[in-house]
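Beneath this line is the structure, given in structure tokens, with notes to follow.
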Protein chains: 2
Amino acid sequence: MNAPVVETSGERTAEHSGGADASNSTEKRPERAAEHQVANERVRDALRAAHLYYMQDLTMEAIAAELHTSRSSVSRLISYAREAGLVEIQVKTPAERISTALQRVQDKHHVTVHVVPVPDSANEVDRLERVAMSAARILGQFFDSNMTMGIAWGSTMSAVSRHLQPKVTHNSQIVQLNGAANTRTTGIVYASEIMSRFGLAYGAYVQQFPVPAFFDDPATKQVLWRERSIRRVLDIQKHMDVALFGLGTPNSEVPGHVYSSGYLDENDFASLAASNVVGDVATVFYRADGSSADVPINSRASGPPLDQLARVSRRVCVVSGKSRMPALRGALAAHLITDLIVDEATVHGLLDE
Amino acid sequence: MNAPVVETSGERTAEHSGGADASNSTEKRPERAAEHQVANERVRDALRAAHLYYMQDLTMEAIAAELHTSRSSVSRLISYAREAGLVEIQVKTPAERISTALQRVQDKHHVTVHVVPVPDSANEVDRLERVAMSAARILGQFFDSNMTMGIAWGSTMSAVSRHLQPKVTHNSQIVQLNGAANTRTTGIVYASEIMSRFGLAYGAYVQQFPVPAFFDDPATKQVLWRERSIRRVLDIQKHMDVALFGLGTPNSEVPGHVYSSGYLDENDFASLAASNVVGDVATVFYRADGSSADVPINSRASGPPLDQLARVSRRVCVVSGKSRMPALRGALAAHLITDLIVDEATVHGLLDE
DNA sequence: ACACAGTCTGCACGTATGTGCAAGTAGCTT
DNA sequence: AAGCTACTTGCACATACGTGCAGACTGTGT
């Protein structure tokens with residue numbers, strides 16, 4: 001009932017041991033019940049151990065004595081508690097520690113900036129990895145029971161998905177914002193993997209969106225968008241509470257997934273250049289001033305129009321690397337972002353205006 | 001500007017090193033500024049270290065390299081970050097883990113119960129200490145900027161105050177709910193110490209309440225209550241956002257402070273017995289059914305009437321030890337509590353109804 | 001009943017973190 | 001400028017924690 005479910009065809013990622021699996025769901029078979037009981041006790045003990053450890057500052061040795069077990073088991077219980085999201089750790093930045101320059105940026109764009117410290121020496125890959133890890137942990141604060149989160153999968157989201165902190169939620173769902181298929185693959189495996197990880201971490205239903213990232217013919221999109229199965233997903237997208245996305249940029253050394261995997265051809269790139277495009281969110285392109293109207297490719301894009309996106313109440317953007325700065329400025333201009341998770345160096349670039 | 005301030009006469013507790021002190025506040029002397037700068041940098045580094053440690057899972061060794069310092073300094077920075085409340089750790093209990101019996105109690109009394117695990121073998125003193133520690137950490141979630149918290153000091157509150165987790169708040173205040181003076185001492189030192197610790201932990205202003213715990217003559221109270229200086233405090237009490245209190249009980253092996261320190265004489269005890277009193281909150285007594293009308297001593301008590309208390313939006317009660325069970329039942333009957341922090345054994349007793 | 005696979009446990013060891021101490025540093029006083 | 005105090009730093013050691021491994025245990029299939 002609470003296990004994550006992946007709808008629509010698509011491979012299911014192999015899961016880590018211990019996770020409840022929704023498949024084979026003949027319910028209430030006796031072993032299942034016993035298994036459930038055992039898992040329950042484990043959670044019980046983990047919760048108790050975590051409480052004693054984090055709230056009462058006991059050492060694991062002392063906790064072991066109280067639980068009549070070994071210290072190493074306690075260590076494992078507490079690890080489990082953390083992994084299962086029973087323990088939540090936040091680092092809070094007091095308001096007065098925010099530089100006035102950053103404050104000005106925040107006020108101007110109505111955005112909350114979460115700065116991720118990364119040494120200047122780090123390469124782009126490490127940088128992304130670390131921003132993604134921080135983002136994954138911050139995200140838990142934005143998502144809760146009864147909510148819908150839309151995800152614009154891509155290389156940044158893939159990194160985020162690999163570091164998600166589990167959190168128990170009920171009646172929540174994850175919806176894919178843009179299609180994944182291209183001329184070479186159906187893209188479903190890649191996108192599905194990302195989506196599944198989100199679903200698994202939050203115990204949320206996953207709504208996939210089985211369409212190409214870009215249509216060849218806008219008319220096809222128009223037609224398909226009238227299908228009820230597709231409209232159902234579009235409708236969920238329209239009502240999402242949180243949108244999570246990275247930024248694509250045509251000029252990065254580490255180009256977004258969309259720019260490097262056969263989604264676009266030479267004509268397309270020429271067209272983007274002609275329209276002065278600086279970036280995209282979920283396959284929808286925009287210019288430096290934030291405008292996205294009259295960019296030809298957008299009529300073939302599978303992602304939500306930017307003005308629709310801007311109506312979502314929380315819009316979380318994860319950005320790493322200075323090469324995405326133009327894209328970031330454009331996204332801010334378009335008011336696409338309410339919460340920005342970004343590495344230190346990129347923020348500094350942003351402040352020089 | 002943000003330093004805690006203790007108003008009204010009363011000794012100031014010696015503070016730990018490093019704490020900003022509000023005394024001698026000739027502002028903007030150059031050393032102060034320099035000192036401030038240094039403290040600022042420390043917070044900056046601590047924040048960064050904490051971020052790298054808790055959000056990015058780096059080892060202290062790695063963080064030391066990034067910060068160009070030694071591993072031991074990083075260890076100290078992270079300790080500092082925790083002590084200063086820059087890091088917040090919560091252990092969350094998923095809803096489905098709450099037993100149905102407890103759920104019933106919660107629903108019946110409109111109360112959220114926070115169960116503190118304590119081994120049955122623990123003695124009353126340890127028990128109190130551990131409940132207090134948990135309470136202190138949970139409390140941070142209830143109190144924030146622009147809020148007023150009322151505190152009914154006593155032995156439980158004293159224990160809580162010793163374990164408070166600092167949290168940065170602005171424009172918040174702590175108000176004392178009942179007087180402290182008795183026939184033997186002014187009680188100010190003891191109460192002031194508790195209050196100060198709260199003020200220090202949250203950076204809140206402290207409003208003391210310099211009256212006796214119990215008046216000899218109700219008329220004196222009536223008169224004093226008309227004084228503007230007193231009415232100012234009473235007014236603050238009336239508008240508090242959070243009330244925090246323990247429970248007194250006449251029949252405990254570890255009696256509440258109020259019962260053991262010369263606040264009451266033999267006649268008083270006889271009177272309490274005659275009225276079938278089972279407990280008190282902030283010097284105001286009540287019976288098993290929660291009623292407090294016509295308990296003679298209440299007209300001489302310095303704490304807020306219970307019906308006034310019950311109008312506060314969040315009312316946090318900390319209880320440890322089965323001996324307080326009758327007092328707890330009474331307090332629940334009187335709807336005095338919205339959040340109950342209590343040890344496991346006592347909860348179990350509560351469930352047997 | 002037996003063998004097998006999967007899981008859990010405690011031990012022993014290795015790694016990571018906490019802390020007393022001596023030396024160093026900065027600001028203040030004389 | 002010297003001397004003082006209060007504080008910070010890194011080292012070396014002490015403690016606490018994480019984890020591979022072998023044995024115990026549980027449930028399953030033959």
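The residue from B/T346, B/D343, B/D120 that alone fulfils the side chain to side chain donor-acceptor pair (under 3.5 Å) condition with B/R127 is B/D343.
Whole-Å rounding puts the A/E83 CD to D/dG18 C1' distance at 12 Å. Computed from coordinates, the B/R76 CZ to C/dT19 P distance equals 9 Å when rounded to whole Å. The distance from atom OH of B/Y80 to atom C1' of D/dT8 is 14 Å, rounded to the nearest whole Å. With rounding to whole Å, B/R71 atom CZ is found 6 Å from C/dT17 atom C1'. The CE-P distance, from B/M60 to C/dA16, rounds to 11 Å in whole Å. Regarding B/R82, its CZ atom lies at a distance of 9 Å from the P atom of C/dT19, rounded to whole Å. Spacing between atom CG of B/D45 and atom C1' of D/dT8 amounts to 13 Å, rounded to whole angstrom units. Remark: P of D/dT8 and CG of B/L77 are 11 Å apart, rounded to the nearest angstrom.
Comparing D/dG10, D/dC17, D/dT9 by their nearest atom to the side chain of B/T69 picks out D/dG10. Listed candidates were D/dG18, C/dG10, C/dT19. Nearest to the side chain of A/S75 is D/dG18.
Among the heavy atoms of the strands lying under 4.0 Å from A/T59 are primed sugar atoms or P, OP1, OP2 only; no base atom is included. Counting non-hydrogen atoms under 4.0 angstrom, A/S73 reaches the backbone sugars and phosphates but no base.
Look at B/R44 and A/E96 and you find no salt bridge, because none of the NZ, NE, NH1 or NH2 atoms lies under 4.0 Å from a carboxylate O. Between A/D57 and B/R137 a salt bridge is recorded (basic side-chain N to carboxylate O distance below 4.0 Å). By the 4.0 Å N-to-carboxylate-O rule, B/K167 lies too far from B/E83 to be salt-bridged with it.
Contact between the side-chain N/O atoms of B/Y53 and the OP1/OP2 oxygens of C/dA16 is not found at any separation under 4.0 Å.
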